[in-house]
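In what follows, a single structure is set out as structure tokens and then discussed.
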Amino acid sequence: MYFTESKVTSDFIVDILEDFWLEEKHRFSQVKTLLLNQDNGPQNSSRRTQFMKRIVEFAQKHQVNIRLAYYPPYHSKYNPIERIWAILENHWNGSILDEVERALKFASTMKWKGSHPVVKLVHETYENGVKLTKKAMAQIEKQIERLTDSTHEVFPNLGNWFIDICCSKTKVI
């Protein structure tokens, strides 16, 4: 579980993904595609230019394909992270969280499926409102495949909910 005292931004999201990947990729040596379930929040929207830039850079840097799978609005009950937050809220229920260390301690002592989470506090300060120009975003759009009205042979039309990012010229299957 990652926490920050700064703003949760597109850069924060990709930075923690990269931190996780660098520490845990040895467990997934055969994985060629990461499926990232997204809640369609403002920081990780597929129309958020900085998020798309950073996630494309991540895919290229680590040579891994990425499929962004967005939950439709008002479907958070299907999102597993919402269940984890519910467990954490029940765990610290009624406690006064007046210090960062106290919140981190509660998070590290909760249990999810019998295990305690690894808890990290990110100290970097993130800027809100980082955006690409339309010209720069047009270059990013060339590197992704939005599966709306797609000609993708396996997934011909998945609405606004799926985006493929290929680390090379090979398409995600």
Side-chain angles (χ1 to χ4, degrees), residues 1-28 34-64 66-113 115-137 139-141 143-144 160-161 163 165 167:
M1 296 182 82
Y2 290 87
F3 291 82
T4 181
E5 293 177 291
S6 181
K7 298 171 178 131
V8 175
T9 66
S10 301
D11 290 317
F12 170 77
I13 292 168
V14 179
D15 283 354
I16 65 172
L17 173 63
E18 185 156 36
D19 182 74
F20 172 81
W21 188 246
L22 290 172
E23 288 192 18
E24 302 296 330
K25 70 180 177 181
H26 66 277
R27 295 176 34 207
F28 310 105
L34 296 178
L35 172 64
L36 302 178
N37 292 327
Q38 303 289 311
D39 68 359
N40 228 342
Q43 301 85 2
N44 63 343
S45 164
S46 70
R47 300 294 177 187
R48 175 70 62 171
T49 60
Q50 182 66 6
F51 177 70
M52 295 308 293
K53 172 186 176 273
R54 290 291 312 278
I55 203 75
V56 166
E57 290 171 348
F58 175 89
Q60 292 169 346
K61 178 179 179 181
H62 296 286
Q63 287 297 291
V64 62
I66 296 176
R67 171 161 289 157
L68 300 176
Y70 287 91
Y71 289 101
Y74 309 107
H75 283 76
S76 61
K77 64 185 171 196
Y78 300 115
N79 187 344
I81 194 65
E82 298 296 339
R83 294 185 201 121
I84 294 169
W85 284 118
I87 290 169
L88 180 56
E89 287 173 347
N90 284 335
H91 182 64
W92 66 29
N93 188 22
S95 298
I96 297 173
L97 302 175
D98 56 350
E99 296 178 359
V100 172
E101 292 77 23
R102 188 169 175 88
L104 296 174
K105 179 148 176 76
F106 268 109
S108 66
T109 59
M110 69 170 257
K111 283 192 175 183
W112 168 254
K113 296 186 177 182
S115 297
H116 296 288
V118 174
V119 174
K120 290 187 176 187
L121 176 62
V122 177
H123 296 284
E124 187 167 341
T125 301
Y126 291 94
E127 295 286 327
N128 255 354
V130 178
K131 296 178 184 174
L132 300 182
T133 64
K134 288 184 180 185
K135 184 178 178 180
M137 188 57 186
Q139 293 300 311
I140 296 296
E141 288 288 342
Q143 300 174 66
I144 67 175
N160 296 318
W161 314 117
I163 294 170
I165 303 166
C167 63

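Just so we're clear, the structure is a prediction, and the values are computed from it rather than from any experiment.
Each of Ile165, Ile66, Ile163 was compared with Leu36 under the side chain to side chain contact (heavy atoms under 4.5 Å, CB included) criterion, and only Ile66 meets it.
With sequence neighbours left out, the side-chain hydrogen bond (donor to acceptor under 3.5 Å, both in side chains) criterion links Asp19 to Tyr2, Lys120. Applying the salt bridge (charged side-chain N to carboxylate O under 4.0 Å, His left out) rule to Glu24 yields the partners Arg27; only residues at least two apart in sequence or on another chain are considered. Partners of Leu88 under the side chain to side chain contact (heavy atoms under 4.5 Å, CB included) rule, at least two apart in sequence or in another chain, are Met1, Phe3, Trp85, Trp92, Ala107, Met110. Applying the side-chain hydrogen bond (donor to acceptor under 3.5 Å, both in side chains) criterion to Gln143, with sequence neighbours excluded, gives Gln60. Residues passing the salt bridge (charged side-chain N to carboxylate O under 4.0 Å, His left out) test with Glu18, sequence neighbours excluded: Lys61. Looking at residues two or more places apart in sequence or on another chain, you find a side chain to side chain contact (heavy atoms under 4.5 Å, CB included) between Thr133 and Lys135, Ala136. Applying the side-chain hydrogen bond (donor to acceptor under 3.5 Å, both in side chains) test to His91 and every residue at least two apart in sequence or in another chain returns Thr109. Residues meeting the side chain to side chain contact (heavy atoms under 4.5 Å, CB included) test with Ser108, sequence neighbours left out: Val119. Applying the side-chain hydrogen bond (donor to acceptor under 3.5 Å, both in side chains) test to Glu89 and every residue at least two apart in sequence or in another chain returns nothing. For the ring-ring contact (aromatic ring centres under 6.0 Å, His included) test, no residue two or more places apart in sequence or in another chain qualifies with Tyr71.
Among pairs with a residue in residues 7-16, those fulfilling salt bridge (charged side-chain N to carboxylate O under 4.0 Å, His left out) read Asp11-Arg54, Asp15-Arg54, at least two apart in sequence or across chains. Listed by first then second residue, pairs satisfying salt bridge (charged side-chain N to carboxylate O under 4.0 Å, His left out) with a partner in residues 93-109 number zero, not counting sequence neighbours.
The local environment of CG in Leu22 is crowded, with over 12 non-hydrogen atoms from other residues, nucleotides or ligands closer than 6.0 Å.
Side-chain contact between Val130 and Thr9 is absent, with no heavy atoms from C-beta onward closer than 4.5 Å. When side chains are defined from C-beta on, Leu68 does not count as touching Asn44, because their heavy atoms never get closer than 4.5 Å. The side-chain heavy atoms of Glu124 and Ser6, taken from C-beta on, include no pair separated by under 4.5 Å. Considering only heavy atoms from C-beta on, Leu34 comes within 4.5 Å of Trp21 through its side chain.
Taking every heavy atom of both residues into account, Phe51 and Gln38 meet most closely at CZ-OE1, 3.8 Å. Considering all non-hydrogen atoms of both residues, Val122 and Thr4 come closest at O-OG1, 3.6 Å.
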